[in-house]
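Notes to accompany the following structure.
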Amino acid sequence: MADRRMINRIIMSQAKFIKMPLSAQGLYAQLMANTDDDGIVQAFSVMRMVGASDDDYKLLVAKGFVRPLNDDLVSYMCDWSKSNTLRRDRKEDSEYQSLLHEILPDEPIRKAKPRADTGKKKGGNKNMSNGRPLDGPWTAEEKMKRIEWNVIEMKRNIINPHLLQK
């Protein structure tokens, strides 16, 4: 599961979302935060973590925000793809992908592919791997030099504040 998730502002601005109780809105946010890379979440465990009621979950299902996939409340977040996009080489396939395909066969499922930043280096450039940069234009060593320079510059400005008034 990824560390970052987004919730589309347009979804949260809809009347059908705003009219729900705050407890159901909070459950929706927690479910979105706990989804895997295919938009699937184990709703039962999330509900227990946040103390949400079954009525909140049923309201999300009735409003079309969540689709239950089985009796254990493994659920699909219907608006997940509107809120979150992933590079295919960063995606990890869900353990419930077959269940999603079985229950919702028309739902598009993106397949993961190998990461673009791994593999053997080719060529003479130490910053490249298979022709792609490893971590942007600077290596970790160059980033550290820039940070050290910024720290030195900040200390100099603290000691001599008149240098800032140029």
Is the closest side-chain heavy-atom distance between [X] and [Y] below 4.5 Å?
X     : Y     : result
Leu73 : Gln42 : no
Leu59 : Pro21 : yes
Asp56 : Met47 : no

For the [atom1] atom of [X] and the [atom2] atom of [Y], what is their distance to the nearest 0.5 Å?
X     : Y     : atom1 : atom2 : answer
Leu27 : Asp54 : CG    : CG    : 10.0 Å
Leu69 : Ser75 : CG    : OG    : 6.0 Å
Asp36 : Met77 : CG    : CE    : 11.5 Å
Leu31 : Leu60 : CG    : CG    : 6.5 Å
Thr35 : Gln30 : OG1   : CD    : 11.5 Å

*Smallest separation among heavy atoms of Met20 and Gln25, with atom names*: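 Taking Met20 first and Gln25 second, the nearest heavy atoms are O-NE2, 3.0 Å.
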
* Between the main-chain N or O of Asp72 and the side-chain N or O of Asn70, is there a donor-acceptor pair closer than 3.5 Å? ->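 Judged by distance alone, yes, a pair lies under 3.5 Å.
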
Got more than 12 heavy atoms from elsewhere within 6.0 Å of NZ, Lys16?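 Yes.
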
Can you sort out the partners of Asp79 under salt bridge (charged side-chain N to carboxylate O under 4.0 Å, His left out), two or more places apart, ordered by chain and number?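 Salt bridge (charged side-chain N to carboxylate O under 4.0 Å, His left out) list for Asp79, sorted by chain: Lys82.
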
Determine, using the 4.5 Å side-chain heavy-atom cutoff (strictly less than), whether Met12 and Val41 are members of one ILVMFWY cluster.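 As far as the 4.5 Å side-chain criterion goes, Val41 and Met12 are connected within one cluster.
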
- Would you kindly confirm whether Leu22 and Ile18 end up in one hydrophobic cluster when ILVMFWY residues are joined by side chain heavy atoms under 4.5 Å apart?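 No, Leu22 and Ile18 fall in different hydrophobic clusters.
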
Review point. Sequence neighbours excluded, which residues qualify as ring-ring contact (aromatic ring centres under 6.0 Å, His included) partners of Tyr28?
Key: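 Partners of Tyr28 under the ring-ring contact (aromatic ring centres under 6.0 Å, His included) test: Phe17, Phe65.
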
Ser45: what forms a side-chain hydrogen bond (donor to acceptor under 3.5 Å, both in side chains) with it, not counting sequence neighbours?
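Ser45 satisfies side-chain hydrogen bond (donor to acceptor under 3.5 Å, both in side chains) with no other residue.
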
